Amino acid sequence: MKKLFIETLGCAMNVRDSEHMIAELNQKESYELTTNADDADLIIINTCSVREKPVSKLFSELGQFKKVRKSGAKIGVAGCTASHLGEDIIKRAPYVDFVIGARNVSKITEVIDKKHSIEIDTSYDESTYMFGEFRSNSLKAMVNISIGCDKQCSFCIVPITRGEEISIPSNLIVQEVKKAVDSGAKEVTLLGQNVNNYGRRFSSSDSGAKNFTELLREVSKIDGLERIRFSSPHPLHMDNEFLEEFASNPKICKQIHVPLQSGSTRLLKEMKRGYTKEWFLDRCEKIKKLVPNVAISTDIIVGFPGESEEDFEDTLDVLERVRFDALFSFKYSARPHTAAAEYIEQVDAAVASKRLQKLQARHKEIQKEIMDAQIGSSVEVLFEELKSDGKVAGRSDEGRLIMVDGSEELLDKILNVKIIKANITVLHGVI
Ligand code: 5AD
Ligand code: SF4
């Protein structure tokens, strides 16, 4: 049997794309997955291009693969960097056998057989393609609900690498979720670049759900499915109807990612995010009012062109007021073909680093307080992993990591746990 090494960088969408590639390849010929590149007949690196660093790392990594690969082994570059660099990858690294973009995943079985083939058409429509079945986690499934992204956030390269947004018809989504549930999944994460913009455009007619709230209702009717998560929504499209469904539907986990990017209304405008600081705060307040123990996570960029001390203070102010459960924070990185890359008022790198440090330090304090406040509470936990020290790990409805003493009979079960101890990343409890 041939061996496949696949490295996945970037977001959950990429993780699912890798699963799709594995499934498609296996439909043609059986592959065994390996974690050693030097052992593989086929090496694929599924790339991310959202920030510059991983892109520059790509070529040094490719050089490594070239050195260690078995004779005759093929090397392919997939994902977002494949989409936007295309044939430049082969020009710079001619030993790369194929390049397959983030919007062309279904063509994997074609490209592996054609030396130097490049499939990076970002208008290619995979929204109704039925991929083969492969899931790395049978308990927790990922299901795509849309491809591409129609937003034009001025810092973001994704619309260029993944093309325009097309929603997957809801009957196909429901079919996918049912398949996953039939093979043991209890939880599903609905995936898209902008999930709550669902229904904006379909490429074929479907009489099912027309917007994200309706889709959530449809999916939640599936018997045997216990938990629904989604990633990622956009603050702009968080209307009351959606938030009320989020709050009242018992299958929807009470964890929500609300990507802020900046707390400054002036900068949000420059970023072309479409909302103000006040709108963002209002949505978070509404979420907390509807679901008091909700876990809200966010993404923040510091050092966006033109960010003043005052703009950054606005970001800190939002951090203080919302008190996020989790923060993913980044220094702005100029990306090719994006509007912000042309903005001239770049922020000094040392200033941006200082701001990032300050933001992360304050967030850590808040996070500790949030975790400590969980002591004494009871949460529903889906147990997933047996640890070596007699502990079993799982996630609460709110997505928090929970550990209890126990053995494998807890695995795959949803049980009520009382929290007795907390640290910054883990809550310890008893059943
Ligand atoms: N520079 C820094 N961070 C970025 N992100 C997207 N584009 C950039 C960029 N050019 C961040 C945003 C987004 C997350 C996935 O990555 O915060 O929400
Ligand atoms: Fe990276 Fe964005 Fe592409 Fe995901 S969609 S792999 S985060 S660039």
Side-chain angles (χ1 to χ4, degrees), residues 1-11 13-124 126 129 131-132 134 147-148 157-158 160-163 333 335-337:
M1 201 192 281
K2 281 192 178 166
K3 289 191 175 170
L4 167 66
F5 170 90
I6 184 159
E7 179 183 358
T8 307
L9 308 169
C11 62
M13 206 94 205
N14 255 21
V15 176
R16 185 63 183 141
D17 288 346
S18 287
E19 291 184 347
H20 280 155
M21 285 191 274
I22 295 167
E24 291 296 302
L25 286 166
N26 271 305
Q27 279 188 345
K28 194 173 169 193
E29 185 177 359
S30 290
Y31 282 88
E32 186 190 330
L33 287 173
T34 172
T35 49
N36 299 322
D38 54 6
D39 205 22
D41 301 280
L42 178 57
I43 298 171
I44 299 175
I45 174 159
N46 194 5
T47 59
C48 172
S49 58
V50 81
R51 279 167 293 275
E52 194 182 359
K53 228 184 194 164
V55 179
S56 41
K57 248 181 68 188
L58 169 67
F59 287 96
S60 59
E61 208 164 5
L62 284 171
Q64 274 307 107
F65 289 151
K66 180 187 174 224
K67 245 193 243 161
V68 302
R69 72 168 156 182
K70 277 196 322 206
S71 126
K74 287 180 183 168
I75 301 178
V77 178
C80 286
T81 306
S83 299
H84 96 101
L85 291 186
E87 65 175 337
D88 287 350
I89 295 175
I90 290 179
K91 276 192 193 142
R92 212 170 137 179
Y95 51 86
V96 167
D97 291 281
F98 60 88
V99 174
I100 181 166
R103 182 85 171 218
N104 310 87
V105 174
S106 60
K107 296 197 174 151
I108 183 69
T109 50
E110 291 169 36
V111 296
I112 55 165
D113 288 335
K114 271 184 267 160
K115 181 78 181 166
H116 284 174
S117 57
I118 300 167
E119 288 289 350
I120 52 164
D121 177 6
T122 50
S123 59
Y124 188 63
E126 291 188 319
Y129 185 83
F131 285 95
F134 176 83
I147 58 174
I157 197 171
V158 175
I160 294 137
T161 63
R162 287 188 178 266
S333 163
R335 307 304 298 121
H337 317 297

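A quick note: this is a predicted structure, and the numbers were derived from the prediction, not measured.
A donor and an acceptor atom, one from each side chain of Thr8 and Asn46, are nowhere located under 3.5 Å apart.
Comment: Lys2 engages Glu29 in a salt bridge, judged by a side-chain N to carboxylate O separation of less than 4.0 angstrom. Here Lys3 pairs with Asp39 in a salt bridge; the nearest charged N to carboxylate O distance falls below 4.0 Å. Salt bridge annotation for Asp38-Arg69: absent, with no cationic side-chain nitrogen under 4.0 angstrom from a carboxylate oxygen. With salt bridges taken as basic N to acidic carboxylate O contacts below 4.0 Å, one links Glu19 and Arg16.
Other residues, nucleotides and ligands contribute at most 12 non-hydrogen atoms within 6.0 Å of the NZ atom of Lys57.
Under the 30°/60° scheme for interplanar angles, the aromatic rings of His20 and Phe131 are found to lie parallel.
Rounding to the nearest 0.5 Å places OH of Tyr95 at 6.5 Å from CD1 of Ile75. Taken to the nearest 0.5 Å, the CD1 atom of Ile43 stands 11.0 Å off from the CD atom of Gln64. The structure places CD1 of Ile90 at 9.5 Å from CZ of Phe98, a figure rounded to the nearest 0.5 Å. Between the CD atom in Glu119 and the OG atom in Ser83 there is a gap of 11.5 Å [rounded to 0.5 Å]. Put simply, OH on Tyr129 and CD on Glu24 are 3.5 Å apart, with the number rounded to the nearest 0.5 Å. Rounded to the nearest 0.5 angstrom, Ile118 CD1 and Leu85 CG are separated by 11.0 Å.
Asp97 pairs in a salt bridge (charged side-chain N to carboxylate O under 4.0 Å, His left out) with only one of the listed residues (Lys115, Lys114, Lys74), which is Lys115.
A 4.5 Å side-chain heavy-atom check between Met21 and Ile6 finds at least one atom pair inside the cut-off. In this structure, the side chains of Leu62 and Val96 come closer than 4.5 Å at one or more pairs of heavy atoms. No side-chain heavy atom of Ile100 sits under 4.5 Å from any side-chain heavy atom of Ile120. By the 4.5 Å heavy-atom criterion applied to side chains, Ile157 and His84 are counted as neighbours.
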Show, in sequence, the C-alpha distance, side-chain angles and deciding distance for Ile160 and Thr122, and conclude whether the side chain to side chain contact (heavy atoms under 4.5 Å, CB included) test is met.
CA-CA 8 Å; Ile160 294 137; Thr122 50; over 6 Å; no

Do Lys107 and Asp121 pass the salt bridge (charged side-chain N to carboxylate O under 4.0 Å, His left out) test, and can you show the C-alpha distance, the side-chain angles, and the key distance before you say yes or no?
CA-CA 11 Å; Lys107 296 197 174 151; Asp121 177 6; 5.6 Å; no

Check step by step if side chain to side chain contact (heavy atoms under 4.5 Å, CB included) holds for Asn104 and Val111.
CA-CA 10 Å; Asn104 310 87; Val111 296; over 6 Å; no

Would you check, one step at a time, whether the test side chain to side chain contact (heavy atoms under 4.5 Å, CB included) holds for Thr109 with Gln27?
CA-CA 9 Å; Thr109 50; Gln27 279 188 345; over 6 Å; no

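Between the side chain of Asn26 and the main chain of Ile22, a donor-acceptor pair closer than 3.5 Å is present. Put simply, the side chain of Arg103 gets close to the backbone of Tyr124: a donor and an acceptor are under 3.5 Å apart. Within the 3.5 Å criterion, the main-chain N or O of Ala73 finds no donor-acceptor partner in the side chain of Asp41. Glu126 contributes no side-chain N or O that, together with a main-chain N or O of Ile147, makes up a donor-acceptor pair within less than 3.5 Å. At distances below 3.5 Å, at least one donor-acceptor pair connects side-chain atoms of Asn14 with backbone N or O atoms of Leu9. Using a distance-only test at 3.5 Å, with no hydrogens or angles considered, no donor-acceptor pair links the side chain of Ser30 to the main chain of Met1. Without hydrogens or angle criteria, Arg162 side chain to Cys80 main chain gives no donor-acceptor distance under 3.5 Å. Put simply, the side chain of His116 never gets that close to the backbone of Glu87: no donor and acceptor are under 3.5 Å apart. Proximity of a side-chain donor or acceptor of Thr81 to a complementary backbone N or O of Cys48 within less than 3.5 Å is detected. The main-chain N or O of Ala40 is never found under 3.5 Å from a side-chain atom of Thr34 such that the two would form a donor-acceptor pair.
Here the two rings, on Phe5 and Phe65, have centers that are under 6.0 Å apart.
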